[in-house]
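Model, not experiment: these values are computed from the prediction. Values below: all heavy atoms of this structure, side chains included; hydrogens, waters and symmetry mates excluded.
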Amino acid sequence: MTIMTSANLPRTPDQAMLPVTPTDIEQAAARIAGRLEPTPLAHSGTLSERTHQSVYLKLETRQPIGAFKLRGAMNAILSLDDAERKRGLVTASTGNHGRAVAYAAQELGLSATICMSSRVPANKIEAIRALGAKIRIVGVSQDDAQEEVERLVRSLGLVSIPPFDHVDVVAGQGTIGLEIVKDLPDLATVLVPLSGGGLVGGIAVAVKAAKPQVQVIAISMERGAAMYAAIAAGKPVGIREEETLADSLGGGIGLTNTITFPLCRDLLDDIVLLTEAEIAAGVRHMAREEYEVVEGAGAVGVAAILAGKIKLSGPTVIIVSGGNIDPDTHRQIVEGTAA
């Protein structure tokens with residue numbers, strides 16, 4: 001079920017008025033060059049045959065941490081001055097952003113504290129711990145974790161690296177869009193996982209600056225889709241966080257959101273929501289047909305196509321955002337034994 005259309009998503013034609021600009025993204029690409037390599041754009045024979053269009057997978061699973069988040073975290077941290085870096089870093093995360101901040105901090109010789117809720121899967125927590133970051137498990141939601149971040153900023157003077165609502169974080173994620181346009185000049189559609197909006201917002205700015213006609217379609221889960229709820233309400237709103245296979249897409253967007261909400265409101269062409277069964281089918285397809293281990297959030301673009309919720313009209317890129325899924329959960333999904 002497609003629940004929003006371009007007809008009721010207002011557009012901002014002047015990108016100079018947006019909180020993140022194409023110039024910000026170009027500067028981010030220059031800043032992270034040499035530290036992060038471009039990721040592959042792999043043709044999917046199975047999905048191309050199914051849709052009768054050329055379909056490609058942008059494999060952000062190939063990043064050193066197995067997810068796209070490293071782009072934004074690295075750009076934001078490199079944008080800090082020396083005095084700010086020495087104070088130490090802190091962030092709230094559903095897993096992948098925390099891992100990105102921890103990895104970048106380790107690479108740059110900095111200290112990092114990652115605040116997470118009890119909903120974050122154990123495999124993601126342990127991966128962060130292995131990178132030497134300090135870990136704080138607080139409450140049952142991303143909002144609870146963010147409150148701990150704000151407390152540590154006030155009490156210890158740490159520097160916050162937000163997971164999405166930050167110009168440098170969004171610009172870093174937008175470098176994916178630059179790579180896509182370069183590798184696929186006849187691009188017609190991009191399918192992007194949607195959580196806080198940093199990924200899809202950055203990609204939309206980059207892609208539409210080069211090719212305004214390209215459709216940018218965001219995909220989330222039915223359980224606790226925060227950005228969808230905000231756009232439907234016309235402003236950031238609180239949501240109840242729920243258990244979902246797409247755990248990386250959980251959490252609110254923040255009631256004071258000033259960057260990713262307007263980007264998503266003004267630039268997205270569509271938003272599609274998925275059931276848990278549809279997300280599982282996407283994970284299963286990636287394993288069985290594409291031979292890729294992908295977490296639920298990373299499989300939503302594929303899942304939307306399999307569910308018949310998106311009709312393609314030209315060369316399409318699916319952002320495969322991450323592969324950090326618990327091995328037992330992945331096995332159960334692929335075998336069809338997941339609860």
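- The backbone N or O of L70 lies less than 3.5 Å from no partner atom in the side chain of Q63, so there is not a single donor-acceptor pair.
- Between N257 and G196, the closest heavy-atom pair is ND2-O, 4.5 Å.
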Side-chain donor-acceptor contacts of residues 25-36 below 3.5 Å, not counting sequence neighbours, with atom names and distances?
unit_1	atom_1	unit_2	atom_2	d
R31	NH1	N75	OD1	2.7
R31	NH1	S79	OG	3.3

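- Closest of all the heavy-atom pairs between G323 and T61 is N-CG2, 3.5 Å.
- Shortest non-hydrogen contact noted between A105 and L89 is CB-CD1, 4.1 Å.
- For E148, the side-chain contact (heavy atoms from CB on, under 4.5 Å) partners two or more places apart in sequence, or in a different chain, are C115, R136, V138, R151, L152.
- For residues 49-60, the salt bridge (Lys or Arg N to Asp or Glu O under 4.0 Å) pairs, not counting sequence neighbours, are K58-E179, E60-R71.
- Nearest heavy-atom pair, G301 versus I219, reported as atom, atom and distance to 0.1 Å: CA-CD1, 3.5 Å.
- With hydrogens and angles ignored, the 3.5 Å screen pairs no side-chain donor or acceptor of K211 with any backbone N or O of L187.
- Judged by distance alone, with hydrogens and angles left aside, the side-chain atoms of R223 form a donor-acceptor pair with the main-chain N or O of E243 at under 3.5 Å.
- The pair R284-E335 does not meet the salt-bridge criterion, since no charged nitrogen lies less than 4.0 angstrom from a carboxylate oxygen.
- Among residues at least two apart or in separate chains, there is no side-chain hydrogen bond (donor to acceptor under 3.5 Å, both in side chains) pair with a member in residues 188-207.
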The test is side chain to side chain contact (heavy atoms under 4.5 Å, CB included); show your working for S220 and V300 and say whether it passes. CA-CA 7 Å; S220 197; V300 294; over 6 Å; no
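- Taking 4.0 Å as the cut-off between side-chain N and carboxylate O, D247 and K124 count as a salt-bridged pair.
- Closest approach of A218 and L268 over heavy atoms only: CB-CD1, 3.7 Å.
- Under the 4.5 Å side-chain contact rule for hydrophobic residues, M286 and L249 share a cluster.
- By the 4.0 Å N-to-carboxylate-O rule, E242 lies too far from R119 to be salt-bridged with it.
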Determine whether V293 and I325 satisfy the following criterion, side chain to side chain contact (heavy atoms under 4.5 Å, CB included), listing intermediate values before the conclusion. CA-CA 8 Å; V293 175; I325 188 170; 3.8 Å; yes
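- When all heavy atoms are compared, the tightest approach of E276 to L245 is OE1-N, 2.7 Å.
- Panel note: side chain K69, backbone G322; no donor-acceptor pair is recorded below 3.5 Å.
- Put simply, the side chain of D165 gets close to the backbone of I259: a donor and an acceptor are under 3.5 Å apart.
- S48 and H43 form a side-chain donor-acceptor contact under 3.5 Å, judged by distance and modelled atom types alone.
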Evaluate the side chain to side chain contact (heavy atoms under 4.5 Å, CB included) criterion for residues S44 and E290: first the C-alpha distance (whole Å), next the side-chain angles of each, then the deciding distance (0.1 Å), finally the verdict. CA-CA 7 Å; S44 170; E290 310 292 346; 2.6 Å; yes
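- Checking Q53 against S313 by side-chain atom types alone, no donor-acceptor pair falls below 3.5 Å.
- At distances below 3.5 Å, not a single donor-acceptor pair connects side-chain atoms of D24 with backbone N or O atoms of V20.
- Within the structure, side-chain hydrogen bond (donor to acceptor under 3.5 Å, both in side chains) pairs that include any residue of residues 89-99 comprise T91-H97, N96-S248, N96-E295, N96-N324, R99-N324 (at least two apart or interchain).
- A salt bridge (Lys or Arg N to Asp or Glu O under 4.0 Å) check over residues 84-93, counting only residues at least two apart or in different chains, returns nothing.
- Counting heavy-atom neighbours within 6.0 Å of E289 CD, excluding the residue itself, gives a total above 12.
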